[in-house]
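This report refers to the structure that appears directly beneath it.
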Amino acid sequence: MSLDGPYNDQNIFAKIVRGEMPAVKLYEDRDVLAFMDVFPQARGHCLVVSKTSKARNLLEVEPDVLCTVMADVQRVARAVVAALNPDGVIITQFNGSAAGQTVFHLHVHIIPRWADQPMKGHSHGKMADLDELKVLAEQIAAQIT
Ligand code: 5GP
């Protein structure tokens, strides 16, 4: 999908936000939802999405919504570090399929990195064990302040 085009409210993240599809959630408020990536590139890979915007990507999103989302990205990333003690954290976000975007609802990736562990490729991860994701989500959620 190119950078241009309409927002499709049948995308998987819109369904998760509406509660029509399951997700292993770790944080939610009126504006933002954070949940575990079900095809993680690394242990603890999670996503932060806007619950209010119909933006498909960063270029479209309302600046105030972007500020809210990024403040919660920082909050969740701090919690990931506190819970999992990685050596580093990747914060990433893709705009358009040519850039690697596969779900067209604004979202930001938080991916912990350990120096001695290779990271799986974007969209190449195998589906995670849901029980393991739930444990990770509980550990991370417990560190959110
Ligand atoms: P994008 O490629 O758009 O930047 O990122 C989409 C992300 O959503 C990918 O990392 C992919 O693993 C993840 N993803 C795709 N489908 C689902 C799903 O049904 N549930 C969850 N939790 N994550 C998903």
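Ligands are counted one by one from 1 in listed order, and the atoms in each one are counted from 1 as well.
Short contacts between ligand 1 and Gln101, defined as distances under 4.0 Å to a heavy atom of the residue, involve ligand atoms 2 (O), 3 (O). Close approach of ligand 1 to Gly100 (heavy-atom distance below 4.0 Å) involves ligand atoms 2 (O). For ligand 1, the atoms closer than 4.0 angstrom to any heavy atom of Met36 are 22 (N). Which parts of ligand 1 touch Val38 is read off a 4.0 Å heavy-atom cut-off, strictly below it: atoms 17 (C), 18 (C), 20 (N), 21 (C), 22 (N), 23 (N), 24 (C). In the vicinity of Val103, heavy-atom distances shorter than 4.0 Å reach the ligand 1 atoms 3 (O), 6 (C). Close approach of ligand 1 to Thr102 (heavy-atom distance below 4.0 Å) involves ligand atoms 1 (P), 2 (O), 3 (O), 5 (O), 6 (C).
Once rounded to the nearest 0.5 Å, the distance linking CD of Gln10 with CZ of Phe104 reads 15.5 Å.
Annotation: atom 10 (O) of ligand 1 to nearest protein heavy atom, Asp37 OD2, 2.4 Å.
By the 4.0 Å heavy-atom criterion, His122 is counted among the residues contacting ligand 1.
For His122 and Phe94, the distance between ring centers is under 6.0 angstrom.
With a 4.0 Å cut-off on non-hydrogen atoms, Phe104 does not touch ligand 1 at all.
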Open item on the list: Let's go through His109 and His107 carefully: what are the C-alpha distance in whole Å and the side-chain angles of both, what is the deciding distance for ring pair (Phe, Tyr, Trp, His ring centres under 6.0 Å) to 0.1 Å, and is it a yes or a no?
Closed with: CA-CA 7 Å; His109 297 257; His107 58 280; 5.2 Å; yes
